[in-house]
Amino acid sequence: MSEIQQLNRTILLCRDYVSAVVSDDCICQSLQSVRVLCVADAANLSSHSGQSCLTTLVSLLSRIGMQLTLRIPEISMIRRQPPFRGTRLRDSLLASSSNLVVGATVQEETSKLEPDLVFVLGDSAIEERSCPTWRLSGSEWQGAITQAAARAPQWTVEWPIGAMTSAVLAAGEAFKYVMRRFPLRSKDDRVFFEPSSDSKWNFGSITLPARKLELGEVDIVSAGAISQAALYVLLRLPQLRMAGRIFDDDTTSLTNLNRNMLTLVGDAGSEKVQLVTDRCAPEIHLTPKYQRFSAESPDGRQMAPYVLVGVDDIPSRWQVQRCTSGSLVVSGTSHFGISSSCHGPGEPCCGCLHPMDDLGGPTAIPTVSFISFWAGLAMAVRLIRRAVGASYSLDRQHLWLTPLRMDQPHAAVWSPVAPRKDCPVQCLAVSELVSSGAFASPPR
Amino acid sequence: METAVEKKFAVEIIYNGITKKLQVEPEEQVTAALQRAIAEFHITQNPHLLSLFRQDGSVVPENESVERAGLKPGEILLLRPNAVKGGDGLPRLASDILQRTFSTLRECGRGECECAVYWIGPSESNAVNGVEHPIHRRSPFGYDIDDHWLTDFWKRLATAKHSVKAQVHTHPGEAFHSATDDKWPIVSQEGFMSIVIPDFATGEISLENAWVGRLGGDGKWRRLGSPEQAIGLA
């Protein structure tokens with residue numbers, strides 16, 4: 001098995017900026033050479049949020065290919081943490097060594113070998129280090145990373161969205177650390193990979209039902225990276241109830257391991273829908289549909305009230321939108337950017353937001369674990385908010401996020417979605433504007 | 001006395017979270033400002049997909065002047081793709097497409113004449129599920145498609161809601177895109193794919209030695225690094 005093959009898409013993303021004098025082998029080796037120490041004490045791991053933060057961090061870093069060392073006590077898992085198996089947290093993480101990506105090891109801290117990077121959960125104790133060190137902290141809906149010297153609160157909450165947010169912020173810093181080692185095509189591009197000493201992201205607090213979080217039926221189109229990231233998040237939400245169908249006609253390949261959060265090395269060759277269905281059970285009951293989504297099939301004509309779309313093909317998004325009478329949540333990635341949006345009945349649709357097919361590009365898509373995960377995380381949050389009647393306002397219908405420099409004021413840009421006269425879906429929002437004469441002049 | 005009025009002003013461009021100022025002039029075309037923004041950020045990956053977006057989510061029209069587009073000093077514009085792709089997957093050929101393509105090219109060309117086929121599939125997907133063999137005149141040095149057949153072909157595609165995904169033709173020896181190939185593709189749309197198979201398709205049934213390229217937004221053909229970059233083979 002070729003390790004470079006597993007990291008192919010990550011290497012491709014690095015190629016956006018890395019000089020041509022650096023070979024793919026060299027990029028691969030650099031990714032794999034990074035040693036990361038993850039530190040957490042029993043207090044910070046005694047909450048579901050703390051445990052979710054650690055498992056997500058380990059998964060995201062391993063899928064970049066890095067070598068992880070854990071300084072954590074053994075502790076029982078409060079909830080299942082798929083795809084990690086078992087009921088003991090440390091054992092389970094150690095067992096994932098070379099199982100998320102071959103060659104990405106997870107070991108107990110035994111030697112005094114100096115790590116390249118250190119991540120510390122909450123207020124866990126850590127000795128002074130010369131290498132870059134961040135603390136991961138947050139609350140139910142907000143995640144943050146800060147320099148190690150700063151004070152950070154202990155992880156205590158149950159709701160884990162903020163915890164997974166802090167983990168993905170940390171993974172981004174680890175990736176930038178590798179990028180800073182390479183000669184870039186332009187020295188001006190270094191600004192994208194400068195470390196963020198402190199950064200945070202807040203999805204915004206909402207009130208959740210006191211008991212069950214009942215989502216009902218949710219259909220998912222694509223079982224690829226973004227859908228898997230969204231399901232990875234949903235699986236960790238306490239008291240969540242949902243069922244539905246998942247459509248995809250693809251099988252798992254080695255090049256998926258760098259970002260497919262529910263996938264293990266041994267899954268290569270398996271149908272993605274079956275793999276995802278198995279990993280999500282019993283918390284989420286999915287019916288696998290090993291087929292490409294088609295608006296003309298009986299399945300396509302009866303969509304669930306909520307539909308998640310992580311499919312790459314833009315005309316397919318239009319097809320799903322046409323079949324959806326409820327709410328559609330769409331996420332996608334483009335290099336270092338993520339796009340996330342929600343389209344309810346009567347609102348400008350995904351055709352208004354993505355009116356053009358990417359004719360230039362049936363090419364291998366460059367991406368990395370933390371970018372795809374942000375897309376899935378944003379998708380899961382939008383679904384939850386929509387389901388509990390707390391959707392983002394229409395001026396936040398679209399989020400464009402570039403999570404390289406989360407310390408910058410414009411890392412995230414929220415915007416409304418403008419209805420377009422040339423919307424390929426010709427959604428209700430557009431039809432109403434056309435009939436009202438609002439499109440008398442050409443749309444912008 | 002005449003006073004020179006400074007018309008230039010700066011807008012702020014955001015890319016990858018970083019903000020840079022860009023000087024623009026009212027008479028300047030937005031497309032020129034866009035190209036300078038792309039150059040300022042040294043973007044080489046799919047620059048043709050990028051557009052400038054206002055904070056209200058609308059795209060700044062590229063065929064207008066800066067003034068007519070309504071850009072204002074200090075306005076914040078987001079530089080991002082106009083088409084955002086998702087997670088996995090390449091458009092895939094149905095499992096028999098390559099075999100059928102080679103069979104047709106071999107039978108018609110008989111190892112001595114050029115031949116062409118068109119890959120077709122549903123308009124709203126990237127799937128290729130059919131191979132169309134046109135009526136054509138052939139020779140060792142080229143082929144000419146019959147006009148009547150072509151008219152009928154377009155009608156059939158429209159009825160079936162299908163489109164041409166790629167043109168595939170053979171060369172006597174080496175695979176390359178000739179000046180004629182550059183000039184006369186069946187579809188002159190950005191992103192259209194052309195494939196040239198060497199040795200009249202008498203070799204192995206594979207695209208390994210083929211020339212595979214796409215038509216760029218600037219009207220130029222670009223060869224792709226490998227067939228896997230362009231086509232998903234089932």
Side-chain angles (χ1 to χ4, degrees), chain A residues 16 185-186 188-189 191-192 222 224-227 250 256 259-260 292 309-316 318-319 331-337 339 353-367 372 375 397-398 400 402-406 408-411 413 415-418 444, chain B residues 12 14-20 40-46 48-49 51 53-61 64 69-70 76 78 80-92 122-127 165 189-193 214-217 222 224-226 228-232:
Chain A
D16 278 10
R185 280 203 300 274
S186 167
D188 291 349
D189 293 340
V191 67
F192 299 129
S222 168
I226 294 168
S227 300
D250 203 6
N256 299 144
R259 61 199 184 284
N260 283 16
R292 196 181 180 96
V309 177
V311 69
D312 60 329
D313 184 48
I314 288 174
S316 296
W318 303 338
Q319 272 201 56
S331 278
T333 69
S334 176
H335 298 266
F336 289 104
S339 166
L353 180 61
H354 304 290
M356 290 166 54
D357 188 12
D358 180 0
L359 291 170
T363 57
I365 294 168
T367 189
S372 297
Q397 197 183 354
H398 179 231
W400 177 259
T402 40
L404 284 175
R405 291 293 306 272
M406 292 297 284
Q408 294 292 305
H410 295 300
V413 178
S415 65
V417 176
R444 263 196 334 210
Chain B
E12 296 194 3
I14 304 165
Y15 181 72
N16 275 355
I18 300 297
T19 309
K20 290 188 179 182
E40 184 68 28
F41 283 103
H42 312 107
I43 304 166
T44 56
Q45 309 296 326
N46 297 324
H48 64 285
L49 294 180
S51 294
F53 289 82
R54 291 188 167 89
Q55 291 201 301
D56 67 1
S58 65
V59 65
V60 182
E64 298 279 12
I76 295 171
L78 178 62
R80 70 165 174 86
N82 217 336
V84 180
K85 303 205 93 180
D88 294 312
L90 302 172
R92 265 155 277 150
S123 300
E124 288 200 345
S125 86
N126 283 329
K165 309 297 184 187
Q189 189 177 15
E190 180 183 355
F192 185 67
M193 187 188 296
R214 283 190 170 274
L215 185 59
R222 288 184 183 81
L224 300 171
S226 66
E228 295 77 30
Q229 259 195 327
I231 304 157

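Letters go in sequence order (proteins before strands), and every chain restarts at 1.
Here S186(A) is the residue among A375(A), P355(A), S186(A) with the most heavy-atom pairs under 4.5 Å with chain B. The choice from L353(A), D189(A), V309(A) that makes the most heavy-atom pairs within less than 4.5 Å of chain B is D189(A).
Taking the ring axis of Y15(B) as reference, the NZ or CZ atom of K20(B) does not stay both within 45° of it and closer than 6.0 Å to the ring centre.
Contacts of F41(B) with chain A are made by both backbone and side-chain atoms, with heavy-atom separations under 4.5 Å. Heavy-atom distances place both the backbone and the side chain of V191(A) under 4.5 Å from chain B. Of the two parts of I43(B), neither the backbone nor the side chain holds a non-hydrogen atom closer than 4.5 Å to a non-hydrogen atom of chain A. Heavy atoms of H398(A) lying under 4.5 Å from chain B belong exclusively to its side chain.
Taking 4.5 Å as the limit, every side-chain heavy atom of N16(B) sits out of range of all side-chain heavy atoms of R405(A).
Summarising the geometry of G337(A) relative to T402(A), their closest heavy-atom pair is CA-CG2, 3.8 Å, with the distance given to 0.1 Å. Across all their heavy atoms, A69(B) and V60(B) have their closest contact at CB-CG1, 4.0 Å. Of all non-hydrogen atoms in G17(B) and Q408(A), the two that sit nearest each other are O-CB, 3.3 Å.
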